[in-house]
Peer 1: 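Can you read through this structure? Questions will come right after.
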Amino acid sequence: MNNSRQPLFKLAWGSMRAHKWINAKLCLVFAILSVLICLFTSFHLAIENRRKDFYEQNVSSNYFYGENDRSEYLAENGVPDFEHVTLGRYDLSQFMLEHVGEDVPTVTSNFVTLVFYNTSLSYSYDKNLDPQLLWLYKLDKTYATDEYYPFTKGDVDELKLRFGVDKPYIGELPTERNDALVSEKMLNGYGLRAEDVLGKNLSIRLGEKGDVDPNDYMNLIGMRYVHITGVIVKEYYELSGHSGDWQIRPTVIFSADNGVNLPPKTLHLYIYDKWNDVSKGKIDDMSDEAELNYCGIATYSQRAFLDDIKVVVENLYAVIGSVLIAGLVLTVMLMMNKFVAVYSRTGGILLSCGLRSSNLYKLLWIQIVLMFFMSLPLALIGSVVGYAVITELVAIGTRIAMELSTGIIVGLLALSVALVFAISMLFYLFAVLRIRRKTVQQLLKTEIK
């Protein structure tokens, strides 16, 4: 073995084959340590990513609204960073009670007939479900220069993220007396499409078959027809902030200078572009005290739920993981002693057969690197499978999906590789410290227990 190029790789592989069991156990321990650390880190990151994604997918609901100005109250109670705007909403409850005998807050689809090009159209709805509430709103010209008004940046962001839709409406906002922005969802119920009505006139008749006296209707609405300047896209009504009738959910939006004779109720909206850190209980108390509706309460509830899951999982990892890691570390320490003893004996024999002393540590490094590559598949598979199993169990128990995205998989694999390599290098340093400065005779006399 005195040739200048000594076959270190072949010697390392031969040494591993000669002592298969101890090398296999060390590979397994390396992999398990990596999997435990990796699962803890990845699940923690997954929870945080899920929270972030959940907030982004529900950003349109991050607002309060009420009939009174509560700006000072909100600022004094720790949620000051809002945009304050107003909208007018028409209360048709008295009109509906007098003319159709129904105690409802606004007109419903079964009592509205549209007249389009002299054709009367009735709303098609499921008789087993409650009719759709049709809410009529009025713009406030104070916000005419606002980029998003009467919608919000949150509406735009959530529409883009969830549906790939760039804008809450097509066409233009109403500006003239008879102009109106109408709901695509409502139009579809009458068998109409946005392109059918854009830029055209549409008449509205009230009553079960449009039979309310037109004069009574004119005294209320003040116009025989509306000119459709724009249509609110149907996806808008699936947004987290506008999917419920108790939220801001306009069906028709009139211009600021319209002909409606009924005075609207002013609604004050407090719109946030960032989620607040106050608790759900605090939000509930504020809503009750200030007579406000907070439309993101479901998101807050989910956040609290995710926080509880995170705490439970972290506690489980802390207890079970600590026990497992402590046991594995003790196992590694015992195995290290045996491995070093085996390698010392092997190294002494090789040195006496002509292995250069400078190659003793290189041979050790190669052997441990080989163990690293052998344990790597176990660590990679264990990390991915372990994460998939945990997320599936979480989904079954909580119905919250932690998606195994490409980014998480890549990060998981990279973390596994780095951890296995770090552990193997620590093992190498420990072994070097144990055999350094030993003579050939001392290496040969090493006792293997």
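Heavy-atom basis, side chains included; hydrogens, waters and symmetry copies ignored. Here, residue 1 is the first one in the sequence, and each next residue gets the next number.
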Peer 1: May I ask you to check whether S287 and D284 show a side-chain donor-acceptor distance below 3.5 Å?
Peer 2: no
Peer 1: Step by step, would you call V79 with Y272 a side-chain contact (heavy atoms from CB on, under 4.5 Å)?
Peer 2: CA-CA 9 Å; V79 284; Y272 295 84; 3.5 Å; yes
Peer 1: Under 6.0 Å from the ring centre and within 45 degrees of the ring axis: does the NZ or CZ of K167 meet both conditions for the six-membered ring of Y169?
Peer 2: yes
Peer 1: Mind checking whether Y300 and W275 have parallel, tilted or perpendicular rings, split at 30° and 60°?
Peer 2: tilted
Peer 1: Is there a side-chain contact between N77 and K282, using heavy atoms and a 4.5 Å cut-off?
Peer 2: yes
Peer 1: Please name the residue in the list F372, W365, F430 that meets the side-chain contact (heavy atoms from CB on, under 4.5 Å) test with M425.
Peer 2: W365
Peer 1: How far apart are the closest heavy atoms of I248 and Y236, and which atoms are they?
Peer 2: O-OH, 3.8 Å
Peer 1: Under 3.5 Å, side chain of T229 to main-chain N/O of E172, donor-acceptor pair present?
Peer 2: yes
Peer 1: Testing V252, L134, I204 one by one against V107 for a side-chain contact (heavy atoms from CB on, under 4.5 Å), which residue passes?
Peer 2: L134
Peer 1: Would you indicate whether E56, at its atom CD, is surrounded by more than 12 heavy atoms from other residues, nucleotides or ligands within a distance under 6.0 Å?
Peer 2: yes
Peer 1: Please lay out, stage by stage, how D140 and Y149 fare under the test side-chain contact (heavy atoms from CB on, under 4.5 Å).
Peer 2: CA-CA 9 Å; D140 186 335; Y149 184 83; 3.3 Å; yes
Peer 1: Would you call the rings of F82 and Y270 parallel, tilted or perpendicular if under 30° counts as parallel and over 60° as perpendicular?
Peer 2: perpendicular
Peer 1: Donor-acceptor pair, distance only, cut-off 3.5 Å: does the side chain of E184 make one with the backbone of K234?
Peer 2: yes
Peer 1: Run Y123 and L114 through side-chain contact (heavy atoms from CB on, under 4.5 Å) and show every step you take.
Peer 2: CA-CA 8 Å; Y123 193 90; L114 299 185; over 6 Å; no
Peer 1: Evaluate the criterion side-chain contact (heavy atoms from CB on, under 4.5 Å) for residue pair I228 and K200; output intermediate values, then yes/no.
Peer 2: CA-CA 6 Å; I228 309 302; K200 300 182 176 65; 5.9 Å; no
